[in-house]
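First comes the structure, then the notes that go with it.
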Amino acid sequence: MSYLHKNRLWTGMLLLLAAAYNLYYYCLLKAADFWQMIYINILLGLTVLAVTGADAYRYYKKQAFKKELLNCNYIIWPELADGENLEIIRHDADILEEQLRVQFDLNCDLQDYIAKWCHEIKLPLSASLLMNEKIKDAKLRTSQRKQLETIRQQLNGAMLGCKVQSSLFDLKVCSADILQCIKTAVHNNQYFLIQKQFEIKIQASPLNVYTDPSWLVYVIDQLIQNAVKYCSINPVLCIGCVEKEKEIELTVEDNGEGIQPKDIRRIFDRGYTGSNHHNGEYKSTGMGLYMASQILERLGHQITVESEYGVYTRFHILLEKARTAYL
């Protein structure tokens, strides 16, 4: 029964009691004292006010407690042990929990299948790349090589995307040479960088950061691939590091299309592709920067971006400097 119904019931009972008392006092008592009757009515009125006030206080206190719980990011029904229809709440919670468990298992199975499929397809892809080198027609060889390299990039992205969204996301955080991570990422994208005739400027020294090197390489890969997608005439890619007191700032900058002001706040959102058209050559999924931001968040790193549309785009990543104890 709700508070409103309970309050109305209590108030109605007390008013009925007061009415019955007054009828009894007037009709059945011959020597009725008017002031005594007024006194008792006042007591009954105060009792009604006291009971109503106490119920109202408990009600608003409970509502304030519920409002506080609704702002929490965890299951709150166990906190409402004295709540109404608790058995129904527990029943529904158990049903939802079971449905989520089943869906979670299905998603894990699908991720495992996609990851295994990506691993299996890599073998024929490597064979195709070897066969491509034997093609004598240079134009055909170059055209086919571009498509094969694109497939390889997409496979790597799909495989790592499955890992990122898995509950068993494996992190191997250790002391890593940031310069080596940069060189590895550049090497991973060398085909497209050469094809687009990028001028590459690496302004970094061998500095140790506390991170997972394989995932950091993946993040730099995504930023380089974005530079390739949005490249302009005479493209330049600048990757540098600045050592601070407790952190190292990694910067990846290109002189491509840039990011429009209306898009810059949403480029890390899942599935957001923005307003640029990649010169009509690339189709964006909006997942690359989203996954990069998710990886950096789990690693405890921060990423920010600044851009002037049509001039440049510059990403900043703050990484913890590796301490001696980690070396």
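Every heavy atom of this structure was used, including side-chain atoms; hydrogens, water molecules and symmetry mates were not.
- Between Asn255 and Pro235, some side-chain heavy-atom pair lies under the 4.5 Å cut-off.
- Annotation: Arg265, atom CZ; neighbour count of heavy atoms from other residues, nucleotides and ligands within 6.0 Å does not exceed 12.
- Cluster note: Leu130 groups with no other residue, as no ILVMFWY side-chain heavy atom lies under 4.5 Å from it.
- Residues Thr150 and Phe192 come closest through the heavy atom pair OG1-CZ, 3.4 Å.
- Distance CD1/Ile248 to CD/Glu243: 5.5 Å, rounded to 0.5 Å.
- We find that Glu306 and Arg314 are joined by a salt bridge, their nearest charged nitrogen and carboxylate oxygen being less than 4.0 Å apart.
- Partners of Gln190 according to the side-chain hydrogen bond (donor to acceptor under 3.5 Å, both in side chains) rule, which considers only residues two or more places apart in sequence or in another chain, are His187.
- Looking at Lys146 and Thr142, their side chains never come closer than 4.5 Å, going by heavy atoms from C-beta outward.
- Counting heavy atoms from C-beta on, the side chains of Ile224 and Asn188 never come closer than 4.5 Å.
- Looking at heavy atoms from C-beta onward, Thr211 lies out of side-chain contact with Val173 at the 4.5 angstrom threshold.
- Rounded to the nearest 0.5 angstrom, Asp269 CG and Leu289 CG are separated by 10.5 Å.
- At most 12 heavy atoms of other shown residues, nucleotides or ligands fall within 6.0 angstrom of atom CD1 in Ile233.
- Side-chain N or O atoms of Asn208 include none that pairs as donor or acceptor with a backbone N or O of Ser175 at under 3.5 Å.
- Salt bridge annotation for Arg152-Glu149: present, with a cationic side-chain nitrogen under 4.0 angstrom from a carboxylate oxygen.
- Note: the hydrophobic cluster containing Val217 does not contain Ile295 (ILVMFWY, side chain heavy atoms under 4.5 Å, direct or indirect links).
- With contacts defined as side-chain heavy-atom distances shorter than 4.5 Å, the pair Leu250/Leu318 does not qualify.
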Is there a side-chain hydrogen bond (donor to acceptor under 3.5 Å, both in side chains) between Gln153 and Asn189? Walk through the geometry before answering. CA-CA 9 Å; Gln153 272 190 354; Asn189 296 275; 3.2 Å; yes
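- The hydrophobic clustering, which links ILVMFWY residues whose side-chain heavy atoms are closer than 4.5 Å, places Trp215 and Leu207 together.
- Rounding to the nearest 0.5 Å gives a distance of 9.5 Å between CZ of Arg101 and CG of Leu106.
- Judged by distance alone, with hydrogens and angles left aside, the side-chain atoms of Ser126 form a donor-acceptor pair with the main-chain N or O of Lys122 at under 3.5 Å.
- Residue Phe315 is tested with Ile220, Thr304, Ile267, Ile239 for a side-chain contact (heavy atoms from CB on, under 4.5 Å); the sole match is Ile267.
- Although no hydrogens or angles enter the test, the distance criterion places no donor-acceptor pair under 3.5 Å between the side chain of Lys244 and the main chain of Glu249.
- Atom SG of Cys241 sits about 10.0 Å away from atom CD of Gln203, to the nearest 0.5 Å.
- There is no path of hydrophobic side-chain contacts, each under 4.5 Å, that joins Val236 to Ile182.
- With rounding to the nearest 0.5 angstrom, the CD atom of Gln260 is 9.5 Å from the OG atom of Ser307.
- Ser293 places a side-chain N or O within donor-acceptor distance of the main-chain N or O of Tyr290, the cut-off being under 3.5 Å.
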What verdict does the side-chain contact (heavy atoms from CB on, under 4.5 Å) test give for Asp221 and Gln225, after you've listed the backbone C-alpha separation in whole Å, the side-chain angles of each residue and the deciding distance to 0.1 Å? CA-CA 6 Å; Asp221 273 347; Gln225 289 171 21; 4.1 Å; yes
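- At a threshold of 4.5 Å between side-chain heavy atoms, the hydrophobic network of Ile, Leu, Val, Met, Phe, Trp and Tyr places Tyr312 and Ile303 in two separate groups.
- Closest approach of Phe268 to Val305, counting heavy atoms only: CE1-CG1, 4.1 Å.
- The environment of CG in Asp137 is crowded: more than 12 heavy-atom neighbours from other residues, nucleotides or ligands sit within 6.0 Å.
- Cys231 and Phe198 get closest at one heavy-atom pair: CB-CZ, 3.5 Å.
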Verdict with supporting geometry, Asp263 and Arg266, salt bridge (charged side-chain N to carboxylate O under 4.0 Å, His left out): CA-CA 6 Å; Asp263 295 329; Arg266 300 187 59 190; over 6 Å; no
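- Leu140 is not connected to Tyr191 by any chain of hydrophobic side-chain contacts under 4.5 Å among Ile, Leu, Val, Met, Phe, Trp and Tyr, and they are in different clusters.
- Counting all heavy atoms, side chain and backbone alike, Gly258 lies closest to Thr313 at CA-OG1, 3.2 Å.
- The shortest heavy-atom contact between Asn132 and Arg141 is ND2-O, 3.1 Å.
- In this structure, Met291 and Gln222 have side chains that are not in contact, with every pair of non-hydrogen atoms separated by 4.5 Å or more.
- Considering every non-hydrogen atom in both Ile178 and Ser205, the closest pair reads CG2-O, 4.1 Å.
- If you take CD1 on Ile202 and CG on Leu237, they are separated by 8.0 Å, rounding to the nearest 0.5 Å.
- Remark: Lys246 does not engage Glu320 in a salt bridge, criterion side-chain N to carboxylate O under 4.0 Å.
- Hydrophobic cluster of Ile151: the remaining members, joined at side-chain heavy-atom separations below 4.5 Å, are Leu110, Tyr113, Ile114, Trp117, Ile121, Leu125, Leu129, Leu148, Leu155, listed by chain and number.
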